[in-house]
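A quick write-up on the structure given underneath.
Any value given below was found using the heavy atoms of this structure, including those in side chains, with hydrogens, waters and symmetry copies removed. Owing to the predicted nature of the structure, the values given are computational and were not obtained by experimental measurement. Read the numbers this way: they start at 1 and go in the same order the structure lists the ligands and their atoms.
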Amino acid sequence: MTYEVQTALAAQAHLGECPIWSAREQVLYWVDILAPALNRFDPATGENRVMAMPAHIGCFGLREQGGFIVALRNGIFLTDADGNIEKQVGDNPTDTSKSRFNDGHVDLLGNFWAGTIWEPRDHKGGKLVRVKPTGESEVMGGDVLVSNGLGFSPDGRWMFHTDTPNHILYRYPLDEAGNPGERETLREFERGTGGRPDGAAFDSEGYYWTAMFDGGRVLRINPENGEIVDEIRLPVRWPTMVAFGGDDLKTLYITSSRENRSEEELAQYPESGNLFAVRVNVAGRAEPLFRG
Ligand SMILES: O=C1O[C@H](CS(=O)(=O)O)[C@@H](O)[C@H](O)[C@H]1O
């Protein structure tokens, strides 16, 4: 299939990440990790509202009662609808001078999950944290350099997770309580020009769409065998994450990065850091809400 990728917002973000569609408000929230800021983009008006954050914001979830759960470098917090911090509900389990939160999602049971990057990248120090609606938080594993690509399959059976610099897509079986079992490697991506798996989202048919960082593309992946079944080429080389949005959930939004790029690279890919939108022929599914 051929896709028409459009610039939804010429954001020129440092490190755009975590697009999440709010079905309730019909807007896209997304973060610039390094700004640091949580953004509210309204595609109907083109307006983008910036809510400054007190520390690097890796990801967030939408709360059922309104407001957000945000994963900042120094911990996980509840906020009101304007992004004002109300209460801490979790820690960054590693040294916050060497680690920040990165990608995350809410699971089908209303728990919030967020993973960390181990910034020295000298061992797999990235961790995964789960915050329950009760406000209890726990470390649920990790063993990755850069925690990314978290996703929960629509049938509730699987948690997907990537380690971007290691080019690996893992999946974990989930039990009825939503606890992960032994992880297995679903796919190890080729090293070369195709990129590495970054942030992702499931569609309503259970396929997994991943942004390929440094590969300038988004892939649709078969969740049973890891095979690539479709590809969207992008005008930027460093896409970071995808989300389904729009009233029919058939618009795929894609964030991107300018972080650590040279002048030459930015001249070649001047749209780096922008937010993109592309119509696709399969719907996503409504983003679960954090029940706390
Ligand atoms: O999610 C992210 O992934 C990237 C990719 S990598 O770790 O460099 O392979 C990273 O640069 C970025 O900082 C991060 O948010």
Side-chain angles (χ1 to χ4, degrees), residues 11-20 29-39 53 55-61 70-74 76 92 94 96-105 113-129 142-151 160-170 185 187-201 208-219 234 236-243 253-262 265-266 269 272-276:
Q12 296 283 289
H14 306 278
L15 178 50
E17 277 275 10
C18 200
I20 301 277
Y29 287 95
W30 63 281
V31 304
D32 184 340
I33 294 180
L34 304 177
L38 172 61
N39 292 270
M53 288 287 129
H56 289 154
I57 173 169
C59 59
F60 66 95
V70 297
L72 305 186
R73 177 177 280 273
N74 53 322
I76 302 179
N92 177 342
T94 42
T96 57
S97 69
K98 294 182 176 154
S99 151
R100 64 162 169 82
F101 276 105
N102 198 43
D103 185 273
H105 259 297
W113 295 70
T116 63
I117 285 191
W118 181 246
E119 292 169 321
R121 299 187 184 220
D122 53 2
H123 71 281
K124 293 183 182 176
K127 303 280 182 213
L128 255 184
V129 177
D143 194 27
V144 287
L145 271 180
V146 172
S147 181
N148 237 326
L150 263 186
F160 280 41
H161 189 211
T162 61
D163 187 353
T164 310
N166 285 316
H167 290 237
I168 296 183
L169 169 59
Y170 295 112
T185 297
R187 184 180 181 111
E188 193 164 345
F189 291 84
E190 312 65 35
R191 309 215 168 212
T193 54
R196 39 197 197 267
D198 205 301
Y208 179 82
W209 297 65
T210 179
M212 294 298 284
F213 191 83
D214 200 30
R217 59 189 185 144
V218 168
L219 300 178
L234 301 171
V236 289
R237 192 164 139 197
W238 302 278
T240 52
M241 189 166 165
V242 301
Y253 286 98
I254 304 148
T255 48
S256 68
S257 172
R258 301 171 73 78
E259 183 194 23
N260 296 332
R261 303 303 22 135
S262 67
E265 287 173 323
L266 293 177
Y269 299 102
S272 299
N274 288 350
L275 173 68
F276 300 93

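In this structure, M241 falls outside the shell of residues with a heavy atom less than 4.0 angstrom from ligand 1. For the ligand labelled ligand 1, residue D103 lies outside the 4.0 Å heavy-atom shell. For N102, the heavy-atom gap to ligand 1 drops under 4.0 angstrom. No heavy atom of H56 sits closer than 4.0 Å to any atom of ligand 1.
With I33 as reference, R100 is the one residue of R73, M53, R100, E259 to meet the side-chain contact (heavy atoms from CB on, under 4.5 Å) rule. Under the side-chain contact (heavy atoms from CB on, under 4.5 Å) test applied with V31, the options I20, I57, L15 reduce to a single match, I57.
The protein heavy atom nearest to atom 12 (C) of ligand 1 is E259 OE1, 3.7 Å. Shortest contact from atom 9 (O) of ligand 1 to any protein heavy atom: R196 NE, 2.7 Å. Closest to atom 6 (S) of ligand 1, if we only count protein heavy atoms, is R121 NH1, 3.7 Å.
Residues H56 and L34 have side chains in contact (heavy-atom distance under 4.5 Å, counting atoms from C-beta outward). Looking only at side-chain heavy atoms (C-beta outward), I76 and V129 come within less than 4.5 Å of each other. Contact annotation: the side chain of V218 never approaches that of M212 to less than 4.5 Å [non-hydrogen atoms, C-beta and beyond].
The aromatic ring centroids of Y269 and W238 lie less than 6.0 Å from each other.
For ligand 1, the atoms closer than 4.0 angstrom to any heavy atom of V146 are 7 (O). Numbered from 1 in the order shown, with element, the atoms of ligand 1 that lie under 4.0 Å from a heavy atom of N148 read 1 (O), 2 (C), 3 (O). Counting atoms of ligand 1 from 1 in the listed order, those under 4.0 Å from a heavy atom of I33 are 15 (O).
Residues passing the side chain to side chain donor-acceptor pair (under 3.5 Å) test with S256, sequence neighbours excluded: none.
The main-chain N or O of S272 is found under 3.5 Å from a side-chain atom of R258 such that the two form a donor-acceptor pair.
Under 4.0 Å from ligand 1, the heavy atoms of R100 that appear belong solely to its side chain.
Counting heavy atoms only, D198 comes closest to atom 3 (O) of ligand 1 of the residues T164, L145, D198.
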